[in-house]
Amino acid sequence: MSDNPENIVLVLGDQLDTEHAAIQAADPARDRIVMIECVEEGSHVASHKHRTVLFLSAMRHFAESKREEGWRVEYTPLDAGRESIVNGLATTFAETPTAALWAVEPGEWRLKDAIERFAAEHSIPLRWFEDSHFLASHERFEQWASKRKQLTMEFFYREERKRLNILMDGDQPLGGEWNYDKDNRKSFPKKGPGALPAIPRFEPDAMTREVIDAVNTVFPDHPGRTDNFSWPVTRAQALSALHQFIDERLIGYGRYQDAMWQSEPFLYHALISSSINLKLLNPREVVAAAVEAHQDNPDTAPLSAVEGFVRQIIGWREFIRGVYWLKMPEYRSRNHFDHQQPLPEWFWTANTEMNCLRQSIGDTLENGYAHHIQRLMIIGNYATLAGLLPQAVCDWYLGIYVDAIEWVELPNTLGMALHGDGGVVGSKPYVASGSYINRMSNYCDNCRFNVKARSGDDACPFNTLYWDFLRRHRAALGKAPRMNMVLKNLDRWEASELDAISERAASLRDQPV
Ligand code: FAD
Ligand code: SF4
């Protein structure tokens, strides 16, 4: 307990959990919840309209639920014109100068820094609460990382499974394997995925419609449209989305996790990232739901699918967060390959001749969502091969996806997709030629480029850029594990072919098609 007469409990847009640590420590008879909508959070990167509507609507619903529980909630709406969170806090503390500030640590270093500076400048006592939403505390991750030269997600994941006793049989993994990749990561048959399970849609209620109007007024030029908004904005909706996934799509999750198909943006994916990142869902209940489904019926929730899903939540998601807080703030400015190309204009329109990118960016602009392999092996792959400036790419990802918050976006984009961190998140770059895309999707069937060709005007740009990338960065890539085999291909080709590839690649980089 603080000696101050009142604590101001700041609740940020991605902290809408029922177990919010600062709210749990506060006293509704004495303390006040403060929530601030501000222009900066929707505009420091060009935020997709779905993303902004989602955050603000979920915040307003959360505020209402807290009022119903008896809390005093001071809520500043977007049209009050607060420039930033700190700007909003300044108004609150000008009226209540003796209060202390309580908050759960934010998901962005930038915001944590701004709040700390604000509190220090105004001599406001600030108490940070660790974010109990996550399974691995900072201390736990730091202790794990301190023993290693290379941070490998797989080893972190195995330790976490043992520590948390998830899908374990004594000290061995349930079923005898740590992963079931041999059963997973398939492409669809030639005729396609067939009838897919419906995905959840949540029609905007009056509160969401008000937010939509505000967003269209304040951010009219931001990407996306609002008439198709249907993301979950309350805990009840998020739980319903989770259970619909577990009941209807988990069965195909592992098997088709990496598959892509024209005009099918959602496939068997969970579509829970925005809910879990806003903390409408807790990772413990998400994992428990999948594990229970397997215990109840392994035919509809096979171990391969459940393990693949659990790995994403307790492995990748926590690992990525650990890397972010371990490496920030210098991490954000890394540029391992010294890539400098600007973002092609079609990142904002999807108007490119490359069908795989037209589909993946088109899905993104339409829904504020693309699934992992579209983000990694289509858009991220292109960005790496074309040498786009990592910080411009990261800003795009941070603004464009409904689930984007810097702690999760940055290591995924800069680290996993762009290898811009020089190998912290992944030991080698996730780059591939058109043949990978052709194997995992039907995009190439509908493309004007020839996926079999490496050079020339009709050659698939992924092929040309891929081989040119390997050639340009050969010295650095040669040190990465498992790259030697592929680099040896370059030695077999005529110099004239390599020159033709380089020439065409330079033109593709300067004038993206
Ligand atoms: P599914 O594919 O069904 O996976 C289930 C859940 O696992 C997700 O909801 C998510 O919570 C978790 N998960 C899976 N992979 C990851 C991962 N690599 N890192 C963290 N959590 C993971 N995820 C975000 O939540 N926010 C981001 O801003 C984000 N940016 C990304 C940028 C790039 C370049 C890449 C390659 C990946 C990014 N991811 C991000 C990870 C992943 O693509 C999304 O979590 C996933 O596509 C969300 O859709 P889903 O809920 O249908 O997930
Ligand atoms: Fe993409 Fe190349 Fe296939 Fe066209 S041919 S869809 S550019 S991979």
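Residue numbers start at 1 and run along the sequence shown. Order of listing sets the numbers, starting from 1, for every ligand and every atom in it.
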Please step through salt bridge (Lys or Arg N to Asp or Glu O under 4.0 Å) for the pair Arg185 and Asp258, ending with a clear verdict. CA-CA 5 Å; Arg185 300 170 184 270; Asp258 288 3; 2.9 Å; yes
Trace of the salt bridge (Lys or Arg N to Asp or Glu O under 4.0 Å) decision for Glu366 with Arg225: CA-CA 7 Å; Glu366 181 72 4; Arg225 59 192 176 96; 2.4 Å; yes
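Sorted by chain and number, the residues within 4.0 Å of ligand 1 by heavy atom are Tyr253, His269, Ala270, Leu271, Ile272, Ser273, Ile276, Asn277, Phe309, Gln312, Ile313, Trp316, Arg317, Ile320, Tyr369, Ala370, His371, His372, Arg375, Leu376, Tyr397, Asp403, Ala404, Val408, Glu409, Asn412, Thr413, Met416, Ala417.
Using a 4.0 Å cut-off to heavy atoms of Val451, the atoms of ligand 2 that qualify are 5 (S). Residue contact check: Met354 has heavy atoms under 4.0 Å from atoms 7 (S) of ligand 2. Within ligand 2, counting atoms from 1 as listed, the ones closer than 4.0 Å to a heavy atom of Phe449 are 5 (S). Numbered from 1 in the order shown, with element, the atoms of ligand 2 that lie under 4.0 Å from a heavy atom of Ile437 read 8 (S).
Ring geometry, Phe347 versus Tyr382: the interplanar angle falls from 30° to 60°, so the pair is classed tilted. Note on ring orientation: taking the six-membered ring where Trp is involved, the planes of His50 and His48 are perpendicular (angle over 60°, cut-offs 30° and 60°). Classification of the Phe319-Trp316 ring pair by plane angle, with boundaries at 30° and 60°, yields perpendicular. Using bins of under 30°, 30° to 60° and over 60° for the plane-to-plane angle, the ring pair Tyr369/Trp231 lands in the tilted bin.
Among the backbone and side-chain atoms of Cys356, an N/O/S atom is found under 2.8 Å from atom 1 (Fe) of ligand 2. Under 2.8 Å from atom 3 (Fe) of ligand 2 lies an N/O/S atom of Cys444, whether from backbone or side chain.
Checking each of Lys327, Arg332, Arg334 against Glu330 for a salt bridge (charged side-chain N to carboxylate O under 4.0 Å, His left out) leaves exactly one that passes, namely Arg334.
In this structure, Arg375 is positioned above the aromatic face of Tyr401, its NZ or CZ under 6.0 Å from the six-membered ring centre and within 45° of the axis. Judged by the 6.0 Å distance and 45° axis criteria, Arg454 is positioned over the aromatic ring of Trp493.
Formation of a donor-acceptor pair under 3.5 Å by the Asp14 side chain with backbone atoms of Asn277 is not found in this model.
Among all non-hydrogen protein atoms, the one lying nearest atom 2 (Fe) of ligand 2 is Cys460 SG, 2.3 Å. The nearest protein atom to atom 4 (Fe) of ligand 2, hydrogens excluded, is given as Cys447 SG, 2.3 Å; this is a heavy-atom distance.
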